[in-house]
Amino acid sequence: EMAKLTQLLDNEAFRAYATYATIVLLKMMLMSPITAYFRITRKAFANPEDTVSFGKGESAKKYLRTDQDVERVRRGHLNDLENIVPFLGIGLLYALSGPELSTALMHFRIFGGARIFHTLAYLIPLPQPCRGLSWAVGYAVTISMAYKVLKTALYL
């Protein structure tokens, strides 16, 4: 059992994957406290129990509302879920398919950079096409890895 784990950790492409998967997962996790920060500072809550600090009954109902800034952060977080989760699965298969380390690092670094830039483009916000291009770059990297996995595994 431990020998297999040690063998996996000897795989440099897997270690590179683990590094960048951790980075993008931490970035995605950071979106939760950012959402909470925006909810608190904008006083815009989704659940009645979240408004207790600001009043009770009818006076608290005004805080049950949507806010443009909160929704922007939530959309960024949702976009992370839609893109980072596929990267995790496809990236793992890719890392285990025996790619050249330099090529694997290029895929992982570009994906990680694209997702970080996408978040900044969402939060600042930067003018389009910044956000759209950063999404497309990350998406293309995931598709590239999927193609390489299929080509390796199925000889396409």
Side-chain angles (χ1 to χ4, degrees), residues 8 13-97 99 101-151 153 156:
L8 189 58
F14 176 79
R15 288 197 342 250
Y17 163 77
T19 300
Y20 286 92
T22 301
I23 289 168
V24 295
L25 283 170
L26 286 171
K27 189 222 73 63
M28 186 170 67
M29 290 173 60
L30 184 60
M31 296 301 284
S32 293
I34 291 172
T35 302
Y37 169 79
F38 274 84
R39 283 200 178 283
I40 292 165
T41 59
R42 301 327 190 253
K43 296 179 183 167
F45 301 98
N47 303 301
E49 63 271 18
D50 299 336
T51 66
V52 170
S53 300
F54 300 100
K56 300 219 187 274
E58 290 300 314
S59 67
K61 283 188 179 179
K62 66 182 175 183
Y63 301 113
L64 289 174
R65 61 186 183 84
T66 58
D67 176 83
Q68 176 180 325
D69 295 329
V70 172
E71 292 307 309
R72 176 171 279 282
V73 176
R74 285 172 31 84
R75 287 190 305 272
H77 196 179
L78 180 59
N79 193 277
D80 275 349
L81 290 168
E82 293 167 350
N83 290 276
I84 291 174
V85 171
F87 166 81
L88 294 174
I90 291 170
L92 176 61
L93 295 173
Y94 173 71
L96 297 176
S97 71
L101 178 60
S102 61
T103 306
L105 280 168
M106 178 189 67
H107 278 93
F108 301 150
R109 287 173 176 162
I110 291 172
F111 182 85
R115 291 314 305 171
I116 290 167
F117 187 79
H118 183 270
T119 297
L120 293 173
Y122 237 126
L123 295 179
I124 290 175
L126 296 176
Q128 282 288 32
C130 293
R131 191 179 78 241
L133 287 174
S134 62
W135 169 83
V137 167
Y139 198 81
V141 166
T142 304
I143 294 296
S144 172
M145 290 187 301
Y147 172 76
K148 289 180 186 296
V149 167
L150 290 173
K151 187 176 176 191
L156 295 178

- Note on the structure: Separation between CD1 (I90) and OG (S97), nearest 0.5 Å, reads 11.5 Å
- Between F54 and Y63, how do the two ring planes meet: parallel, tilted or perpendicular, split at 30° and 60°? tilted
- Query: Which value, rounded to the nearest 0.5 Å, describes the distance between L123 atom CG and R131 atom CZ?
  - Reply: 11.0 Å
- Quick check: does any side chain N or O of T22 sit under 3.5 Å from a backbone N or O of A18, one acting as donor and the other as acceptor? yes
- Donor + acceptor pair across side chains of R72, Y122 (<3.5 Å): no
- Message: As a quick check of understanding, evaluate side-chain contact (heavy atoms from CB on, under 4.5 Å) for W135 and R115, giving each step before the final call.
- Response: CA-CA 7 Å; W135 169 83; R115 291 314 305 171; 4.0 Å; yes
- Message: Listing request: all side chain to side chain donor-acceptor pair (under 3.5 Å) pairs with a residue in residues 26-42, at least two apart in sequence or in separate chains.
- Response: K27-D80, K27-T119, R42-D69
- Query: So how far is it from H77 NE2 to M29 CE, rounded to the nearest 0.5 Å?
  - Reply: 9.0 Å
- Locate the shortest heavy-atom distance separating S134 from A114; write the atom from each residue and the value. O-CB, 3.4 Å
- Message: For F111, run the side-chain contact (heavy atoms from CB on, under 4.5 Å) check against I23, I84, V137 and tell me which one passes.
- Response: I84
- Item | Atom of F45, atom of I40 and distance for their closest heavy-atom approach | CZ-CA, 4.1 Å
- Before giving the answer on side-chain contact (heavy atoms from CB on, under 4.5 Å), spell out for N83 and T142 the whole-Å C-alpha distance, their side-chain angles and the decisive distance to 0.1 Å. CA-CA 9 Å; N83 290 276; T142 304; over 6 Å; no
- Residue pair Y17, F14: steps toward the side-chain contact (heavy atoms from CB on, under 4.5 Å) verdict: CA-CA 5 Å; Y17 163 77; F14 176 79; 4.2 Å; yes
- Query: Which value, rounded to the nearest 0.5 Å, describes the distance between L78 atom CG and M28 atom CE?
  - Reply: 11.0 Å
- Check A60 against T51 and note the closest heavy-atom contact, atom names and distance. CB-OG1, 3.3 Å
- Of the non-hydrogen atoms in L88 and A21, which two are nearest, and what is the gap between them? CD2-CB, 3.7 Å
- Message: I need the single residue from R15, H107, R109 that forms a side-chain hydrogen bond (donor to acceptor under 3.5 Å, both in side chains) with Y20. Which is it?
- Response: R109
- Message: To the closest 0.5 Å, what do you measure between CG (L92) and CE (M145)?
- Response: 10.5 Å
- Message: Between L126 and F117, does the side-chain contact (heavy atoms from CB on, under 4.5 Å) criterion hold? Intermediate values first, please.
- Response: CA-CA 10 Å; L126 296 176; F117 187 79; 3.7 Å; yes
